[in-house]
2 protein chains.
Amino acid sequence: MKIKIGIVDDHQLFLKSLALMLNSFDNCEVILDALSGAELQQKLTAPNQEQPDIMLLDVNMPGTDGVVTAKWLHTNYPAIKVSALSMNDSDKSIISMLQAGCCAYLLKDMNPTDLETALEEIYKKGYYNADASNINFRRLIIAKQEEEKLNITEKEQRFLQYACSDMTYKQIAGEMNLSERTIDGYREALFAKLNVQSRVGLAMEAIRRGIVRI
Amino acid sequence: MKIKIGIVDDHQLFLKSLALMLNSFDNCEVILDALSGAELQQKLTAPNQEQPDIMLLDVNMPGTDGVVTAKWLHTNYPAIKVSALSMNDSDKSIISMLQAGCCAYLLKDMNPTDLETALEEIYKKGYYNADASNINFRRLIIAKQEEEKLNITEKEQRFLQYACSDMTYKQIAGEMNLSERTIDGYREALFAKLNVQSRVGLAMEAIRRGIVRI
DNA sequence: CATACATACCGTATAAATCCCGTATTTTAT
DNA sequence: ATAAAATACGGGATTTATACGGTATGTATG
């Protein structure tokens with residue numbers, strides 16, 4: 001009995017060629033593939049669809065991303081072992097993926113033999129921890145916690161978005177329907193939280209930490 | 001006689017599985033693969049190394065990147081038809097790759113059948129233009145030219161780097177061993193070139209356009 | 001009820017950023 | 001050789017940003 005595998009990745013070429021590779025392994029068999037989280041949900045909920053043992057999930061996808069899809073799978077198909085499959089180890093969402101119910105985090109630059117080993121281990125033990133791959137989990141967990149304990153409020157978040165623009169504080173205040181003094185307070189609070197001394201520093205930190213996207 | 005293909009991509013899993021896929025095509029044969037531009041140079045210059053007809057080159061690689069490698073191939077192995085193979089069409093380096101001598105720009109989310117067609121066309125005609133894929137060349141060329149005609153000097157570039165930090169202009173002036181007035185001039189020039197009104201706007205534009213990395 | 005806490009706000013002082021005026025030197029082009 | 005352009009710098013005016021001290025209000029909590 002081969003290990004039944006599902007793959008989700010938005011890059012068709014990678015998706016199909018990885019499927020080929022997995023099928024070439026003695027004990028693997030790709031029974032499901034999808035180009036997006038939405039397509040996966042559609043296919044998996046279809047009648048007579050066989051359930052995979054392991055689901056390989058790309059993290060960075062347009063639309064329903066890896067984290068959302070992982071949570072959905074973990075909730076609706078707890079029997080499927082979900083593993084993230086990402087480009088780089090600096091990916092901030094490693095912890096998010098593990099928290100979302102992934103039992104492994106595999107990298108796209110691993111070699112095929114290791115992948116085969118990993119899949120077998122996930123199938124048998126239910127998890128796989130790539131000590132070999134230099135993912136520093138401790139550092140990542142700390143970084144995530146630091147980010148969470150910042151506790152940026154919705155208003156601050158909204159202000160931060162405006163602060164990362166060409167607008168003056170007066171204009172921002174007008175846009176947010178608040179007094180200049182009020183957003184003054186937001187600024188001070190954020191300066192302290194992000195440990196900066198100027199608006200440029202604030203904007204840079206917000207972008208660096210991914211709090212604001214430009 | 002099969003088309004001889006070389007692949008360069010830093011993600012081992014993609015590299016190896018794509019090789020598998022290409023080998024499964026009737027008229028293709030992967031005779032060379034490498035995880036980096038440096039490895040390619042090493043392998044290609046080795047004695048008795050067969051030369052591929054087509055080289056598929058990943059654009060985003062650490063170390064010797066796609067553009068550099070493409071130029072090297074174009075200079076030293078002009079007979080090899082080089083094609084870029086990238087993640088996304090928003091990639092600014094499309095034009096750079098074509099200027100570096102690539103005869104095609106393929107996307108990783110194309111489907112296998114189209115890839116086979118593209119490779120045959122590159123082999124026969126020497127080039128491939130994916131009208132089907134929605135790469136807007138005109139827009140890209142214009143964007144590149146706009147960027148080039150900005151003509152940002154080295155000093156301005158250096159100032160821009162400092163401007164994207166928590167430092168005051170006084171501190172920047174000190175760091176660059178220039179008067180405050182002088183960097184004042186840089187600021188004004190950059191405001192005009194990037195069409196912004198404030199330092200935050202300047203920093204944002206610099207990052208958005210990839211002039212400064214953070 | 002009293003207390004704490006977050007939110008929204010005001011005045012004012014100082015520092016920084018922005019803008020406008022002008023000049024001297026060096027580089028580049030004709 | 002000389003004009004044009006780029007580079008570096010200065011004084012000073014105005015606007016914006018930053019810092020600090022204090023107030024009022026609603027909400028939650030012991």
Side-chain angles (χ1 to χ4, degrees), chain A residues 144-209 211-214, chain B residues 144-209 211-214:
Chain A
K144 186 113 199 301
Q145 284 172 345
E146 296 251 320
E147 191 116 349
E148 274 167 2
K149 85 170 170 227
L150 279 180
N151 212 252
I152 292 169
T153 66
E154 277 185 45
K155 292 248 182 187
E156 283 171 353
Q157 166 80 50
R158 180 142 172 263
F159 162 74
L160 209 42
Q161 193 76 45
Y162 284 121
C164 295
S165 80
D166 217 3
M167 297 164 85
T168 67
Y169 286 136
K170 190 182 283 194
Q171 290 174 314
I172 296 173
E175 201 65 39
M176 292 180 76
N177 286 113
L178 288 170
S179 130
E180 286 187 59
R181 302 292 155 271
T182 305
I183 62 160
D184 237 42
Y186 294 160
R187 191 198 60 228
E188 277 189 51
L190 286 167
F191 274 23
K193 285 179 183 178
L194 295 182
N195 193 34
V196 292
Q197 287 76 225
S198 73
R199 183 170 157 188
V200 183
L202 179 66
M204 293 300 122
E205 267 307 298
I207 290 162
R208 205 194 313 275
R209 301 197 191 205
I211 305 169
V212 171
R213 252 174 293 279
I214 54 168
Chain B
K144 185 112 199 299
Q145 283 172 345
E146 296 249 321
E147 191 116 350
E148 273 169 1
K149 87 173 169 220
L150 280 180
N151 212 254
I152 291 169
T153 66
E154 279 186 43
K155 292 248 182 184
E156 284 170 354
Q157 167 79 50
R158 182 144 170 261
F159 162 74
L160 208 43
Q161 192 77 46
Y162 284 121
C164 296
S165 80
D166 219 2
M167 296 164 85
T168 68
Y169 285 138
K170 191 182 283 195
Q171 290 174 313
I172 296 173
E175 201 65 38
M176 292 180 75
N177 286 112
L178 289 169
S179 129
E180 286 187 60
R181 298 295 151 267
T182 305
I183 62 160
D184 234 41
Y186 295 159
R187 190 199 60 228
E188 276 189 53
L190 286 168
F191 273 22
K193 286 178 182 179
L194 295 182
N195 193 35
V196 293
Q197 287 76 228
S198 73
R199 182 170 158 187
V200 183
L202 180 65
M204 293 300 122
E205 266 307 298
I207 289 163
R208 204 194 314 276
R209 301 197 189 205
I211 305 169
V212 170
R213 253 173 291 278
I214 56 168

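Bear in mind that the values here come from a model prediction, so they are computed numbers and not experimental data. What you see below is based on every heavy atom in this structure, not just the backbone, and it leaves out hydrogens, waters and symmetry mates. Below, read A as the first sequence line, B as the second, and so on, with proteins coming before strands; counting in each chain starts at 1.
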B/S/- along nucleotides 18-27 of chain C (protein heavy atoms under 4.0 Å) is BB--------
Test item: B:Q171 side-chain N/O and B:T168 main-chain N/O as donor-acceptor pair under 3.5 Å | yes
Point to revise | Distance under 6.0 Å and angle within 45° of ring axis: A:R187 vs A:Y169 | key: yes
- When we call it a touch if two heavy atoms are under 4.0 Å apart, what does A:S179 touch: a base, just sugar-phosphate, or nothing? sugar-phosphate
Looking at B:Q197 and A:M167, would you say the former's side chain and the latter's main chain have a donor-acceptor pair under 3.5 Å? no
Rounded to whole Å, CD of B:E156 lies from C1' of D:dA5 at a distance of 14 Å
Item to complete: Say whether, by atom type as modelled, one donor and one acceptor occur between the side chain of B:E205 and the main chain of B:L202 under 3.5 angstrom.
Response: no
Open item on the list: Donor-acceptor pair, distance only, cut-off 3.5 Å: does the side chain of A:D166 make one with the backbone of B:V196?
Closed with: no
note: B:N177, atom CG; D:dT7, atom P; distance rounded to Å ~ 18 Å
From CD of B:E154 across to C1' of D:dA6 the rounded distance in Å is 15 Å
Taken to the nearest whole Å, CD1/A:I172 to P/D:dT16 is 12 Å
inquiry  = Please confirm whether the shortest side-chain N or O distance from B:K155 to OP1 or OP2 of D:dA8 is below 4.0 Å.
reply    = yes
Does B:R199 make a cation-pi contact with B:F191, if we ask for NZ or CZ under 6.0 Å from the ring centre and within 45° of the axis? no
Taken to the nearest whole Å, CG/A:L178 to P/C:dC10 is 11 Å
With the side chain defined as heavy atoms from C-beta on, B:K170 is closest, among C:dA16, D:dA8, C:dC9, to C:dA16
Expected output: side-chain A:E188 to main-chain A:G185 donor-acceptor under 3.5 Å:
no
Taken to the nearest whole Å, CD/B:Q171 to C1'/C:dA17 is 14 Å
B:L202 atom CG is separated from C:dA16 atom P, nearest whole Å, by 19 Å
To the nearest angstrom, the CD-P distance between A:E180 and C:dC9 comes to 11 Å
Would you say a side-chain N or O of A:T168 is under 4.0 Å from OP1 or OP2 of D:dT16?
no
